[in-house]
Amino acid sequence: MKKTLILLAFCTLPAMAFSQNGGATTQATVVSDGQVYDKVEQPPRFPGGYEALERWKEQHIVYPEEAIERGAQGQVVVRFVILNTGEVADAEILRSIDPALDKEALRLVSSMPRWTPGMQDGNAVSVRWDEPVTFTLPTAEEIAEMERIKKEKDQKVFDIVEQQPQFPGGQNALTQWLGANMKYPKIAEENGIEGRVMMQFIVRSTGEITDIKVARSVDPSLDKEAIRVISSMPKWIPGKQGGEAVNVRYTMPLTFRL
């Protein structure tokens, strides 16, 4: 019997079962940006194939700490569209296990590299795809290793990064904030002491300011005020390296002028 391609011109119908496992019929749905197929002559392909896809998921998945604490595990199924450009779009949870695991599954799928798109009648087309993401609770040894890596990352401090830390609002906001919050020590003022105190501190990946110290001193009273004002700063926008927020050592001069 000859199969007929059913084209739905004005509405969107639910996808049929698991598209990569072979739906019951060849079906396409018209959406605002074109047709989305549930089954095609040549299915989309992850770069390197199925085994490469499984390795990629294993290497890039991050088991949420809160899910580990709850003992949550299982298989989340994510439904998404592989566009005719190979990009992944419209990811949604088809089968939920745990809120934290669902969120991680969506993040993982949304960060996938481009696929080789599916083909229908010799043309690249958009295809609906259902992908399982399996979460298996780590062993005690694996948890210990995860904690070690996290601790190492938390402790590492960069001197040079791709994106420097920034005071909320930028340099002008920082200048205004310092002008409004710095207080000239009375004893330094009475003795005509002025100068530039060089401060050094760490802007944590959380934006917090820690490890404050005087890198170049002028006078004990000015040094003390410099430490106080840096300590009272609001959280900064953290620096980034490789797209991730990291700890950055930062040097800042504070000028005291009568």
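Along the sequence shown, residues carry numbers from 1.
- Using a cutoff of 4.0 Å between basic side-chain nitrogens and carboxylate oxygens, E92 and R79 are not scored as salt-bridged.
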Could you pull out all donor-acceptor pairs under 3.5 Å where a side-chain atom in residues 217-224 meets a protein atom, sequence neighbours excluded?
{"from": "S217", "atom 1": "OG", "to": "D223", "atom 2": "OD1", "distance (Å)": "3.4"}
{"from": "S217", "atom 1": "OG", "to": "D223", "atom 2": "OD2", "distance (Å)": "2.3"}
{"from": "D219", "atom 1": "OD2", "to": "S221", "atom 2": "N", "distance (Å)": "2.9"}
{"from": "D219", "atom 1": "OD2", "to": "S221", "atom 2": "OG", "distance (Å)": "2.4"}
{"from": "D223", "atom 1": "OD1", "to": "V218", "atom 2": "N", "distance (Å)": "3.3"}

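- A search for side-chain hydrogen bond (donor to acceptor under 3.5 Å, both in side chains) contacts involving T206 returns E208, not counting sequence neighbours.
- Looking at E104, its side chain never comes within 3.5 Å of a backbone N or O of L101 through a donor-acceptor pair.
- At least one donor-acceptor pair under 3.5 Å links the side chain of Q73 to the backbone N or O of L137.
- The hydrophobic cluster containing I202, built from Ile/Leu/Val/Met/Phe/Trp/Tyr side-chain heavy atoms closer than 4.5 Å, also comprises V157.
- Residue E142 places its CD atom among more than 12 non-hydrogen atoms of other residues, nucleotides or ligands, all under 6.0 Å distant.
- Every residue meeting the ring pair (Phe, Tyr, Trp, His ring centres under 6.0 Å) condition with F201, not counting sequence neighbours, appears here in chain and number order: W236, Y250.
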Stepwise, does the side chain to side chain contact (heavy atoms under 4.5 Å, CB included) test hold for Y37 with K39?
-> CA-CA 6 Å; Y37 289 79; K39 186 177 179 181; over 6 Å; no
Donor-acceptor pairs are to be reported for all side-chain atoms of residues 51-64 against protein atoms at under 3.5 Å, with residues two or more places apart or in another chain.
{"from": "E54", "atom 1": "OE2", "to": "K57", "atom 2": "NZ", "distance (Å)": "3.2"}
{"from": "W56", "atom 1": "NE1", "to": "H60", "atom 2": "ND1", "distance (Å)": "3.4"}
{"from": "K57", "atom 1": "NZ", "to": "E131", "atom 2": "OE2", "distance (Å)": "2.8"}
{"from": "K57", "atom 1": "NZ", "to": "P132", "atom 2": "O", "distance (Å)": "2.8"}
{"from": "H60", "atom 1": "ND1", "to": "W56", "atom 2": "O", "distance (Å)": "2.8"}
{"from": "Y63", "atom 1": "OH", "to": "A72", "atom 2": "O", "distance (Å)": "2.5"}

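- Annotation: salt bridge (charged side-chain N to carboxylate O under 4.0 Å, His left out) contacts involving residues 156-179, sequence neighbours excluded, comprise D159-R249.
- Applying the salt bridge (charged side-chain N to carboxylate O under 4.0 Å, His left out) rule to pairs touching residues 231-245 yields K153-E244, sequence neighbours excluded.
- A donor-acceptor pair under 3.5 Å is formed between the side chain of Q120 and the backbone N or O of E41.
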Check: residues 178-190 side-chain donor-acceptor pairs under 3.5 Å, at least two apart:
{"from": "N181", "atom 1": "ND2", "to": "W177", "atom 2": "O", "distance (Å)": "2.7"}
{"from": "Y184", "atom 1": "OH", "to": "I193", "atom 2": "O", "distance (Å)": "2.5"}

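- Rounded to the nearest 0.5 angstrom, Q75 CD and T134 OG1 are separated by 4.0 Å.
- Partners of R148 by side-chain hydrogen bond (donor to acceptor under 3.5 Å, both in side chains), not counting sequence neighbours, listed by chain and number: E145, E152.
- Under the side-chain hydrogen bond (donor to acceptor under 3.5 Å, both in side chains) criterion, N84 pairs with no residue at all, not counting sequence neighbours.
- With hydrophobic clusters built from ILVMFWY side chains whose heavy atoms lie under 4.5 angstrom apart, M119 does not share a cluster with W115.
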Where do R114 and E87 land on the salt bridge (Lys or Arg N to Asp or Glu O under 4.0 Å) test, with the steps shown first?
-> CA-CA 5 Å; R114 289 192 180 194; E87 295 174 289; 3.6 Å; yes
Between D90 and F80, is a side chain to side chain contact (heavy atoms under 4.5 Å, CB included) present by the stated rule, with each step listed?
-> CA-CA 5 Å; D90 301 325; F80 52 94; 5.8 Å; no
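- Taking S110 as the reference, nothing meets the side-chain hydrogen bond (donor to acceptor under 3.5 Å, both in side chains) condition, with sequence neighbours excluded.
- Considering only residues two or more places apart in sequence or on other chains, R204 meets the salt bridge (charged side-chain N to carboxylate O under 4.0 Å, His left out) condition with D211.
- T251 contributes atom OG1, which lies 9.0 Å from atom NZ of K213 (distance to the nearest 0.5 angstrom).
- Note that CD1 of I82 is 5.5 Å distant from CH2 of W129, once rounded to the nearest 0.5 Å.
- For CZ of R70, the number of neighbouring non-hydrogen atoms (other residues, nucleotides, ligands) closer than 6.0 Å is greater than 12.
- Environment of CD1 in I160: sparse, with no more than 12 heavy atoms of neighbouring residues, nucleotides or ligands closer than 6.0 Å.
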